[in-house]
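Just so we're on the same page: letters track the sequence lines, and every chain starts at 1.
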2 protein chains.
Amino acid sequence: MDDKSWEKAVEFHGHACPGLAVGFRSAQLAMARLGVSRSADEELVAIVENDACGTDALQVLTGCTFGKGNFFFLDHGKQVYTIASRARQKAVRITVRHMAFHNPELSRLRGAVGSGSASQSEQKEYEALQEKHIKNILESGEDCFNLAFVDIKIPDRAVIRRSVTCDRCGEPAMETRTVKQAGVTLCLPCSKKEMGE
Amino acid sequence: MDDKSWEKAVEFHGHACPGLAVGFRSAQLAMARLGVSRSADEELVAIVENDACGTDALQVLTGCTFGKGNFFFLDHGKQVYTIASRARQKAVRITVRHMAFHNPELSRLRGAVGSGSASQSEQKEYEALQEKHIKNILESGEDCFNLAFVDIKIPDRAVIRRSVTCDRCGEPAMETRTVKQAGVTLCLPCSKKEMGE
């Protein structure tokens with residue numbers, strides 16, 4: 001495991017948690033299977049099917065970041081990541097195997113800590129178990145995941161579009177995100193206001 | 001300017017560019033106006049109205065990251081950022097003032113470099129001008145931006161929802177992202193397949 005990358009993911013996310021570790025390990029295994037390293041520009045593409053903690057580790061590790069045009073979000077509420085390499089024209093889909101990281105004792109302690117009913121020793125026990133759990137995830141093997149090459153159409157590279165000025169607020173907006181109404185050009189927020197939404 | 005934060009933003013994004021610098025400076029000025037520091041958990045909330053380079057700097061600087069539930073994306077194609085502090089119950093909206101960072105010579109050279117028609121000296125000139133332009137943005141004052149406190153309803157903290165298993169693919173999905181069809185529970189991708197989409 002690359003400790004430095006994990007530390008960077010924790011720093012970016014703000015704290016270490018099992019969700020972050022699952023995203024980290026998923027991205028790491030998918031990249032290993034693809035035989036690729038971090039994407040400085042848009043060499044890699046990631047399609048994430050949730051917006052939870054793991055996506056932060058994925059951004060740090062893969063270089064597929066929200067602002068670079070190579071990060072695609074599908075709001076499916078599923079811990080599924082698809083990572084593709086443009087150069088190799090290959091994509092890997094990865095998800096955690098059912099119950100692979102199930103830890104009932106940790107769940108119980110988390111509940112107690114969350115509700116404020118945990119004793120001091122339970123709090124300590126929770127922290128130690130959480131740390132161990134994260135370590136286990138980070139050191140887990142492919143057997144904890146379902147990992148497979150998939151046949152997908154890799155999304156195109158990001159396109160830079162020109163901006164136009166909204167006739168109401170005077171602010172620039174990407175042309176493809178404006179509407180023409182009765183001869184005026186409006187950005188989406190102004191258009192919504194105009195429509196009384 | 002905090003050089004270390006800028007370096008971290010560049011490392012996260014993969015390269016330095018004017019868009020990244022605008023997002024960085026916007027976030028920095030908004031945070032200064034709010035009197036807040038980076039969000040380790042969900043103390044801050046960011047609403048971004050584009051998914052371009054600047055949002056990566058904002059994630060790094062504010063700690064409002066895609067995977068933490070305190071980062072909200074409105075697909076308006078506008079370089080507008082609203083940053084709110086839960087503790088202070090205040091929000092600042094910031095956007096670049098019209099033409100503040102307009103640089104026709106840089107645009108011309110970027111066009112030449114992009115199309116492959118730039119001479120070697122133009123390529124060098126472009127790189128030097130781009131570096132200077134980024135520095136100017138990072139050192140720019142509030143006069144280059146429209147920055148104001150705004151009255152918004154700060155989005156609620158992220159809620160962790162339980163997962164259920166999809167009766168088709170057997171993969172877990174967040175309960176609120178599943179549908180019940182003819183007595184079976186389906187995740188959204190399986191539901192779409194079922195509907196023949």
Checking heavy atoms, do the side chain of [X], its backbone, both or neither come under 4.5 Å from chain A?
X	answer
B:Cys64	neither
B:Thr176	neither
B:His76	both
B:Arg38	side chain
B:Val96	neither

Electrostatic pair [X]-[Y], nearest N-O below 4.0 angstrom:
X	Y	result
B:Arg108	B:Glu105	yes
B:Arg177	A:Asp75	yes
A:Arg93	B:Glu171	yes

Please look at [X] and chain B and tell me whether the side chain, the backbone, both or neither of the residue comes under 4.5 angstrom of a heavy atom of that chain.
X	answer
A:Thr65	both
A:Val48	side chain
A:Glu49	side chain
A:Cys190	neither
A:Cys187	side chain
A:Ser39	neither

Quick check for you: among [options], which has the greatest number of heavy-atom pairs under 4.5 Å with chain B?
options	answer
A:His13, A:His98, A:Glu175	A:His13
A:Asp56, A:Asn146, A:Leu58, A:Thr55	A:Asp56
A:Cys17, A:Gly23, A:Gly69, A:Ala52	A:Ala52
A:Ser163, A:Ala173, A:Pro189	A:Pro189

Heavy-atom closest contact ([X] atom, [Y] atom, distance):
X	Y	result
A:Glu142	A:Leu29	CG-CD2, 4.1 Å
A:Phe101	A:Val22	CD1-CG2, 4.0 Å
B:Leu44	B:Asn70	O-ND2, 3.0 Å
B:Gln28	B:Arg25	OE1-NH1, 2.7 Å

Going by the angle between their ring planes, with limits at 30° and 60°, are A:Phe66 and B:Phe66 parallel, tilted or perpendicular? parallel
Side-chain heavy atoms of A:Thr185 within contact of A:Thr165, under 4.5 Å: no
For the interface with chain A, which of B:Asp41, B:Asp51, B:Leu188 has the highest count of heavy-atom pairs at distances below 4.5 Å? B:Asp51
Among B:Met174, B:Lys78, B:Arg97, B:His15, single out the residue with the greatest number of heavy-atom pairs under 4.5 Å to chain A. B:Lys78
A:Gln89 (side chain) donor-acceptor with A:Arg86 (main chain) under 3.5 angstrom: yes
Please evaluate residues A:Lys8 and B:Phe12 with respect to the criterion side-chain contact (heavy atoms from CB on, under 4.5 Å), reporting the C-alpha separation (whole Å), side-chain torsions for both, the decisive distance (0.1 Å), and the verdict. CA-CA 9 Å; A:Lys8 280 181 190 167; B:Phe12 177 68; over 6 Å; no
